[in-house]
A.B. asks: 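Have a look at this one before I ask anything.
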Amino acid sequence: MPMITLPDGSKKEFDKPVTVAEVAASIGAGLAKAALAGKVNGKLVDTSHVISDDSDLVIVTGRDPEGLEVIRHSTAHLLAHAVKTLFPKAQVTIGPVIEDGFYYDFSYQEGTFSIEDLARIEEKMHELAAKNIPVVRKEIKREEAIKFFRDLGEIYKAKIIEDIPGSETLTIYEQGDFTDLCRGPHTPTTGALKIFKLMKVAGAYWRGDSNNEMLQRIYGTAWNDKKSLDEYLTRLEEAEKRDHRKIGKHLDLFHLQEEAPGMIFWHPHGWIIYQQIKQYMSQKILQDGYQEIQTPQLVDISLWEKSGHAELFKDDMFIVDTENSQYAIKPMNCPCHIQVFKNGLRSYRDLPIRYAEFSNLHRNEASGAMHGLMRVRQLAQDDAHIFCREDQIQEESYKFIQLLLDVYKDFGFEENLTIRLATRPDKRLGDDALWDHAEKALSESLKHAGLAFEVRPKEGAFYGPKIEFHLKDCIGRMWQCGTLQLDYNMPNRLEAYYIGEDSSKKVPVMLHRAAFGSLERFIGILIEHYAGKFPVWLAPVQAVVLNITDKQTPYVEKVVGFLKNQGIRAKSDLRNEKISYKIREHTLQCVPYLLVVGDREAEANTVSVRTQRGEDLGIHSMEAALALINAEIAKKGRIH
RNA sequence: GCCCAUAUAGCUCAGGCGGUAGAGCACUUCCUUGGUAAGGAAGAGGUCAUCGGUUCGAUUCCGAUUAUGGGCACCA
C-alpha cells in the first residue's frame, strides 16, 4: 500500500494505488484544482500517473517553475490543436518550450500564416481552452505510432518516431480530436491554459538544416497569471527601448545606408567611443607583452589558398579581380601575422611572440544575417595571435582569460557572461589527434581558471577549437564577443617554424584571441548595457557648460576652455533658451555632467554641478568640478 | 541565402477604396534674458526606397529589385 511523503515531510497512506490527482484531492479541493502535474521521486509526471509504491510526491502547480513549463508545453499543443482545426492540411512537427514561452513548427504547403491568421488561431485556442477538454495520455508501440501518424497524413511526426531508436514504448496525448506524440507531462485539461499570447510567425528549417524544407514557426508566450504576462510584455517593451540601433540614432553615434550594407558610418560621437575603447585595449595588451602591427587589407588569393580560407571560408570573402591577379580583402588577420612571424628566424627563446592588430576585416555575411552593429560586413577585432611552444599553451591561455575577465570588469560585465567551448566542426583542417589535443588544452585552461562552461559540439573554427565568451543584448540574444582559439594547423600549412633547443625546426602553436571580439559588436552590446548612458570615460561629451543668460557667455567659454585643456570632452551651450530646456535636452542626450553658470557662479568663479541622473552636486570651483569628473573617469565602468 | 513583414520630411509617426500629402519634435527668423527635464510667434522642409507594369492619371493597385525588421541557417 503506497505511503506518500509530501514536501513538508508529512506522510499519507493509501490502501490502494492512487493517482497524483487523487492525492492532491485528499489534501484539499483548491490544490486538486491547481494541480498541473506531479513530481514522484523527482520525476515529473501527469496528474493521472498512478503511484503504487511508497514515494515522495510534490504536487506541481502553475506557481512552480516546472508547472510553468508544463503550461507552456501544453499551450504549444493547444496551438497545434487550433492550427489543425483551422488549417487541416497543415502538418505538425515539433513544439518545444523555450525561455519565456514556446513555439510550434508547422509544414503548410498551401499557404503562409499571416498576422491576421495569428489572431484567428489565438481566438481558436481560447475557444478550445474554454471547452476544458481532457488531455489523455496513452502508451503506444513504436510501430503502431508510426502507422498512426502516417495514416493521419502527419509525415513529419512519423519521421520523428522513426528516428527514435529501439522498440521503446512511446506516449501520445489526446485532447479531443487532436493527438500529438509527446513525452509529457501535460496539464490535465485544456482549461488550465488561460494566459497566453501568440507573438510572431517566422520561418525555420526542418531539423535546423538549410537543405531541408522551410517550416512555419509560430512563437507564443504563456504564463500562470495575467500579471506575469503583463510584466513580461512590459519587460519586452522596456528592453526594446535599449536597442542599440534606436539609441545609436538618437545619440547620433552611427548610421547605415543601402549603398554599404553591413558597414558602419561612424559619426563623431560614435567614433569617440570607438577610439576610446580601442586605445584602452591598445594600452592593456601592451602591458601584457603584446606588440601591435599592421598588415595589408588586400592579399593575393594564393595566400588564402595556402591557409585554407579559400577552401573553407570562401563564401564569406570579398574577392577583387585585377588585370593579373585575384586578391581577397582579408576576413581575418591570422595568415598575415604568420607572414610577419616568418620574416626572420625565430628561436624557442623568442617565444611567445604576441602580435596584435586592430585593422578592418571584411566578411561577406549572408544578407539575412546583418543586424545593426552586432553583425556587420566590415569589422575590426582587438585581434592578436600568440605564437608559442607546446609547453606555453597553458600559461598563455590562462593569461588571456585573466586579461579578458579584467577588461570585462571595466565595463561592468560580470553576470552577463556565458562561456562555451566549441569543438571540431565537420568542415575542418588537420587530423583528429591534433584536435583531441587542442580541445583538451582549452578545456583544461578553463578549468584552471575556475570558470563554468558549456560544450558546443561542432561549433569550432575550421582551424581549431575555440572558447567563446558570449554577452547578452537587451532582449536576451547572446552574441559571441571574446574568443580564444587554439590552432595547430595554420602555422604548419603556412610553414612557420622556430628553432628548438635541439636545433631542429619546430612548428609553433598559434592562439587566436580577442577580448572584445569585434569593436562594432562590443559597442553595440555596450550601448544596450548602458542604455546610452555611458560611464564618463566613454561618454562622447563628458560635460556641457550652460549659461543662464547672455551675460555669462565669456565665463562659460573660460570654463569650457579650462576643462578642454585638462583633457575633458566639454562643450558650451550658449543658445538663447531657458535653462530647463537646455537641461532637458542634454539630459536626454545622456551627457553625464551639466555645469550651470549664472551671475552668482560667474562672479565667484564657480559652477553649479548637475548629473545626468538629475542629482544636484552643488556649487564647486572649476578645479573641484574637474576633480569630480576625473574621479568618475578613473572608475571606468566597474561595479566593484 | 531561406520564410514573413516593412519602406511617407532630419527624427517619431498619421494618411489616402487612384486625382502628386499631414502632425509633433528638430531646423530658420523674430519676440523673449528666463536659475535646474519643453516660453511664444512665423517660416521653410517630401521625386511618398528604386525600377518596371496597369491606367487619361500611380505615392496609393500589380510585379521585380534593394535595404531594413523578426526568425531560421551561417558566424565576431
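Within every chain, numbering begins at 1; the chains are lettered A, B, ... in the order of the sequence lines, protein sequences first and strands thereafter.
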A.B. asks: With a cut-off of less than 4.0 Å, is there a side-chain N or O of Arg207(A) near OP1 or OP2 of rA73(B)?
C.D. replies: no
A.B. asks: Using a cut-off of 4.0 Å on non-hydrogen atoms, how would the nucleic acid contact of Asp599(A) be classed: base, sugar-phosphate, or nothing?
C.D. replies: base
A.B. asks: Got a donor-acceptor pair under 3.5 Å from the side chain of Ser608(A) to the base of rU36(B)?
C.D. replies: yes
A.B. asks: Tell me what Met370(A) touches on the nucleic acid: a base, only sugar-phosphate, or nothing, going by heavy atoms under 4.0 Å.
C.D. replies: sugar-phosphate
A.B. asks: Please tell me if Ser367(A) has a side-chain N or O lying less than 4.0 Å from either OP1 or OP2 of rG1(B).
C.D. replies: yes
A.B. asks: Would you say a side-chain N or O of Arg584(A) is under 4.0 Å from OP1 or OP2 of rC25(B)?
C.D. replies: no
A.B. asks: Looking at the side chain of Ile579(A), which of rC75(B), rU36(B), rG70(B) is the nearest nucleotide?
C.D. replies: rU36(B)
A.B. asks: What do you reckon, are the aromatic ring centroids of Tyr219(A) and Tyr104(A) less than 6.0 Å apart?
C.D. replies: no
A.B. asks: Base, sugar-phosphate alone, or nothing: which one does Gln378(A) contact when heavy atoms must sit under 4.0 Å apart?
C.D. replies: nothing
A.B. asks: Can you tell me how far C1' in rU65(B) sits from the matching atom in rA7(B), rounded to whole Å?
C.D. replies: 13 Å
A.B. asks: rG22(B) pairs with which nucleotide, Watson-Crick or G-U wobble, both distances below 3.5 Å?
C.D. replies: rC13(B)
A.B. asks: Can you tell me how far P in rA41(B) sits from the matching atom in rG10(B), rounded to whole Å?
C.D. replies: 24 Å
A.B. asks: Looking only at side-chain atoms of Pro261(A), point me to the closest of rA76(B), rA67(B), rA37(B).
C.D. replies: rA67(B)
A.B. asks: Using atom C1' in both nucleotides, what's the gap between rA14(B) and rA9(B) to the nearest angstrom?
C.D. replies: 13 Å
A.B. asks: Checking contacts here: which listed nucleotide (rA73(B), rC2(B), rC75(B)) is nearest the side-chain heavy atoms of Ala366(A)?
C.D. replies: rA73(B)
A.B. asks: Assign Lys551(A) to base, sugar-phosphate, or nothing according to its heavy-atom contacts below 4.0 angstrom with the strands shown.
C.D. replies: nothing
A.B. asks: Could you tell me which nucleotide pairs with rC75(B) by Watson-Crick or G-U wobble geometry, both distances under 3.5 Å, or answer none if nothing does?
C.D. replies: none
A.B. asks: Under 6.0 Å from the CD atom of Glu110(A), do we count more than 12 heavy atoms belonging to anything else shown?
C.D. replies: yes
A.B. asks: Can you tell me the distance, in whole Å, between the NZ atom of Lys466(A) and the P atom of rC75(B)?
C.D. replies: 8 Å
A.B. asks: Mind checking the P distance from rU60(B) to rU68(B)? Whole angstroms is fine.
C.D. replies: 23 Å
A.B. asks: Quick check for you: among rG34(B), rC75(B), rA73(B), whose closest atom lies nearest to any side-chain atom of Glu365(A)?
C.D. replies: rC75(B)
A.B. asks: Hey, are the side chains of Arg477(A) and Lys472(A) touching, using non-hydrogen atoms and a 4.5 Å cut-off?
C.D. replies: no
A.B. asks: Do Pro261(A) and Leu256(A) make a side-chain contact, defined as non-hydrogen atoms from C-beta onward lying under 4.5 Å apart?
C.D. replies: no
A.B. asks: Return the nucleotide paired to rC48(B): Watson-Crick means purine N1 to pyrimidine N3 with N6-O4 or O6-N4, wobble means G-U with N1-O2 and O6-N3, both under 3.5 Å.
C.D. replies: none
A.B. asks: For Gln381(A), report the nucleic acid contact type (base, sugar-phosphate, nothing); a contact means any heavy atom under 4.0 Å.
C.D. replies: sugar-phosphate
A.B. asks: Counting distance alone, no hydrogens or angles: does the base of rC4(B) have a donor or acceptor under 3.5 Å from a partner atom on the side chain of Arg217(A)?
C.D. replies: no
A.B. asks: Write down the distance separating the C1' atoms in rU54(B) and rA26(B), rounded off to the nearest Å.
C.D. replies: 40 Å
A.B. asks: Are side-chain N/O atoms of Gln485(A) and Tyr463(A) paired as donor and acceptor at under 3.5 Å?
C.D. replies: yes
A.B. asks: What integer number of Å spans the C1' atoms of rC2(B) and rA58(B)?
C.D. replies: 32 Å
A.B. asks: Run the numbers on Tyr280(A) and Phe411(A) for ring-ring contact (aromatic ring centres under 6.0 Å, His included), then give the verdict.
C.D. replies: CA-CA 11 Å; Tyr280(A) 160 86; Phe411(A) 293 93; 5.6 Å; yes
A.B. asks: Choose from rA26(B), rA76(B), rG70(B) the nucleotide whose nearest atom is closest to any side-chain atom of Lys200(A).
C.D. replies: rG70(B)
A.B. asks: Any side-chain N or O of Tyr219(A) below 4.0 angstrom from OP1/OP2 of rC4(B)?
C.D. replies: no
A.B. asks: Looking only at side chains, do Glu459(A) and Thr423(A) share a donor and an acceptor under 3.5 Å apart?
C.D. replies: no
A.B. asks: Please determine whether a side-chain nitrogen or oxygen atom of Lys582(A) lies at a distance below 4.0 Å from atom OP1 or OP2 of rG35(B).
C.D. replies: no
A.B. asks: For Lys533(A), is the NZ atom crowded, meaning more than 12 foreign heavy atoms sit under 6.0 Å from it?
C.D. replies: no
A.B. asks: Taking only the C1' atom of each, what is the distance from rG24(B) to rU8(B) in whole angstrom?
C.D. replies: 15 Å
A.B. asks: Write down the partner of rU68(B) under the Watson-Crick or G-U wobble criteria, each distance required to be under 3.5 Å.
C.D. replies: rA5(B)
A.B. asks: Is Arg245(A) touching bases, backbone alone, or none of the nucleic acid, heavy atoms closer than 4.0 Å?
C.D. replies: sugar-phosphate
A.B. asks: Look at all strands and tell whether Ser210(A) reaches a base, only sugar-phosphate, or nothing, counting heavy atoms closer than 4.0 Å.
C.D. replies: sugar-phosphate
A.B. asks: More 5' along RNA chain B: Gly482(A) or Glu258(A), using each one's nearest nucleotide?
C.D. replies: Glu258(A)
A.B. asks: Roughly how far apart, to the nearest Å, are rG1(B) and rU28(B) at atom C1'?
C.D. replies: 48 Å
A.B. asks: Where the side chain of Ala202(A) is concerned, which of rG39(B), rG71(B), rA76(B) is the nearest nucleotide?
C.D. replies: rG71(B)
A.B. asks: Using purine N1 to pyrimidine N3 plus N6-O4 or O6-N4 for Watson-Crick, or N1-O2 and O6-N3 for G-U wobble, both under 3.5 Å, which nucleotide pairs with rG43(B)?
C.D. replies: rC27(B)
A.B. asks: What contact category does Gly614(A) fall into here, base, sugar-phosphate, or nothing, at under 4.0 angstrom with non-hydrogen atoms?
C.D. replies: nothing
A.B. asks: Go through rG34(B), rA37(B), rA76(B) for me and flag the one nearest to the Ser580(A) side chain.
C.D. replies: rA37(B)
A.B. asks: Taking 4.0 Å as the cut-off, does a side-chain nitrogen or oxygen of His371(A) come that near to OP1 or OP2 on rG70(B)?
C.D. replies: yes
A.B. asks: Check the angle between the aromatic planes of His244(A) and His371(A) and answer parallel, tilted or perpendicular using the 30° and 60° thresholds.
C.D. replies: tilted
A.B. asks: Between the base of rG71(B) and the side chain of Gln216(A), is there a donor-acceptor distance below 3.5 Å?
C.D. replies: no
A.B. asks: Applying a 4.0 Å non-hydrogen cut-off, can you work out what Leu546(A) is touching in the nucleic acid: base, sugar-phosphate, or nothing?
C.D. replies: nothing
A.B. asks: Report the distance from atom CE of Met281(A) to atom P of rA76(B), rounded to the nearest whole Å.
C.D. replies: 17 Å
A.B. asks: From rC27(B), rA76(B), rC3(B), pick the nucleotide closest to the side chain of Arg575(A)?
C.D. replies: rC27(B)
A.B. asks: What is the distance, rounded to the nearest whole Å, between atom CG of Leu526(A) and atom P of rA76(B)?
C.D. replies: 19 Å
A.B. asks: So, OP1 or OP2 of rG71(B): does either fall under 4.0 Å of a side-chain N or O from Arg477(A)?
C.D. replies: yes
A.B. asks: Report yes if a side-chain nitrogen or oxygen of Arg600(A) is closer than 4.0 Å to either non-bridging phosphate oxygen (OP1 or OP2) of rG35(B); otherwise report no.
C.D. replies: no
A.B. asks: Tell me if the side-chain of Asp550(A) makes a donor-acceptor pair with the base of rU33(B), cut-off 3.5 Å, by modelled atom types.
C.D. replies: yes
A.B. asks: Reckon Gly203(A) touches a base, only the sugar-phosphate, or nothing at all at heavy-atom distances under 4.0 Å?
C.D. replies: base
A.B. asks: Pick base, sugar-phosphate or nothing for Gly372(A), based on heavy-atom distances below 4.0 Å to the nucleic acid.
C.D. replies: sugar-phosphate
A.B. asks: Among rC75(B), rC4(B), rG35(B), find the nucleotide with the atom closest to the side chain of Val201(A).
C.D. replies: rC4(B)
A.B. asks: Can you identify which nucleotide, out of rC3(B), rA67(B), rA38(B), has its nearest atom closest to the Met214(A) side chain?
C.D. replies: rC3(B)
A.B. asks: Does Tyr205(A) make a side-chain donor-acceptor contact with the base of rG71(B), cut-off 3.5 Å?
C.D. replies: no
A.B. asks: Do His385(A) and Tyr355(A) have ring centroids that are under 6.0 Å from one another?
C.D. replies: no
A.B. asks: Under a 3.5 Å limit for both distances, which nucleotide forms a Watson-Crick or G-U wobble pair with rU60(B), could you say?
C.D. replies: none
